Amino acid sequence: IAKNDIAEAVSTDNSLNKIVVGFNIKILEESKDVKIITHNVIYKIVDDIKEFIGKEKVKLQKEDFEGIIRPFKIKILRGHTFRQSNPAIVGIEVIGGTLRANTNITKDGSRLTEVKEIQDNKESVSEAEQGKEVAISLPHVTMGRQINENDILYSDVPENHFRKLKALKKYLSDTEIQILKEIAELKRKKNSTWGV
């Protein structure tokens, strides 16, 4: 494996192709920009390639979703109001997706408030996955006015994030795709061309 092999791999746009494979040979040139896989057993090379591509796909997926508000759906539980306001603190169930702290939420398509903090068994956590029951703090709303027991709330996905999520649909779960459709329906009640 020489300089020109590495230069060719570096020049490709697709990071999954920034790889040089050698069977039973010496490496004459090292590179931090290219993955070099060599071995004297062909099966080991195949396994190493699969492992590299798998890890690289996960890394690319994380980069694609960086900063994007993902869809989630939560339900305010009956009898779990811990504080009415300033901020309202209520118990919820995550019906779908992953609830993240500091995310805006909606009830009818317009911004309602944000999930300021999430607590699971009196411990602050940054997120809660589908099926979890946690307590959340909601500033600028009052229980019994803007929100009520059994209300269904959604992540308030901005329109540009919605378009990106549509393009990255293959990385979303079936539940997240369904929730995204429900969010779009809410938004389109206020703006019929939202996300189109």
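Just so it is clear, the model here is predicted, and its values are computed rather than measured. Just so you know, residue 1 is the first one in the sequence shown, and it goes up from there.
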- Item | Stepwise side-chain contact (heavy atoms from CB on, under 4.5 Å) test for D47 and I45 | CA-CA 5 Å; D47 290 344; I45 292 172; over 6 Å; no
Nearest 0.5 Å, what's the [atom1]-[atom2] distance between [X] and [Y]?
{"X": "I152", "Y": "E93", "atom1": "CD1", "atom2": "CD", "value": "8.5 Å"}
{"X": "E56", "Y": "K35", "atom1": "CD", "atom2": "NZ", "value": "10.0 Å"}
{"X": "D151", "Y": "M143", "atom1": "CG", "atom2": "CE", "value": "7.0 Å"}

For the residue pair [X] and [Y], what are the closest heavy atoms and their distance?
{"X": "A135", "Y": "F82", "answer": "CB-CE1, 4.1 Å"}
{"X": "I179", "Y": "P71", "answer": "CG2-CB, 3.8 Å"}
{"X": "I6", "Y": "V34", "answer": "O-CG2, 3.9 Å"}
{"X": "A88", "Y": "V141", "answer": "CB-O, 3.8 Å"}
{"X": "G109", "Y": "K187", "answer": "O-NZ, 2.9 Å"}
{"X": "I69", "Y": "S155", "answer": "CG2-CB, 4.1 Å"}

For T193 and N191, does a side-chain donor sit closer than 3.5 Å to a side-chain acceptor?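 Result is yes, a qualifying pair exists.
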### Side-chain H-bond candidate by donor/acceptor type, S137 with E117, under 3.5 Å
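No, no side-chain donor-acceptor pair sits under 3.5 Å.
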Practice task
Answer with yes or no whether the hydrophobic clustering places L77 together with V94; edges join I, L, V, M, F, W, Y residues whose side-chain heavy atoms lie under 4.5 Å apart.
Solution key: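 No; V94 is not reachable from L77 via cluster members.
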Taking atom CG of N86 as the centre, does the number of heavy atoms from other residues, nucleotides or ligands within less than 6.0 Å exceed 12?
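Incorrect, the count does not exceed 12.
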Does T12 use its side chain to pair, donor to acceptor, with the backbone of A9 at less than 3.5 Å?
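Answer holds: no.
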**Report entry** Whether K107 side chain and Q146 backbone form a donor-acceptor pair below 3.5 Å
**Finding:**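 Present.
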Query - Residues E185, K189: salt bridge by 4.0 Å N-O rule - result: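 Salt bridge: no.
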Check ion pair R78-E149 (N to O, under 4.0 angstrom):
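Salt bridge flag = yes for E149 with R78.
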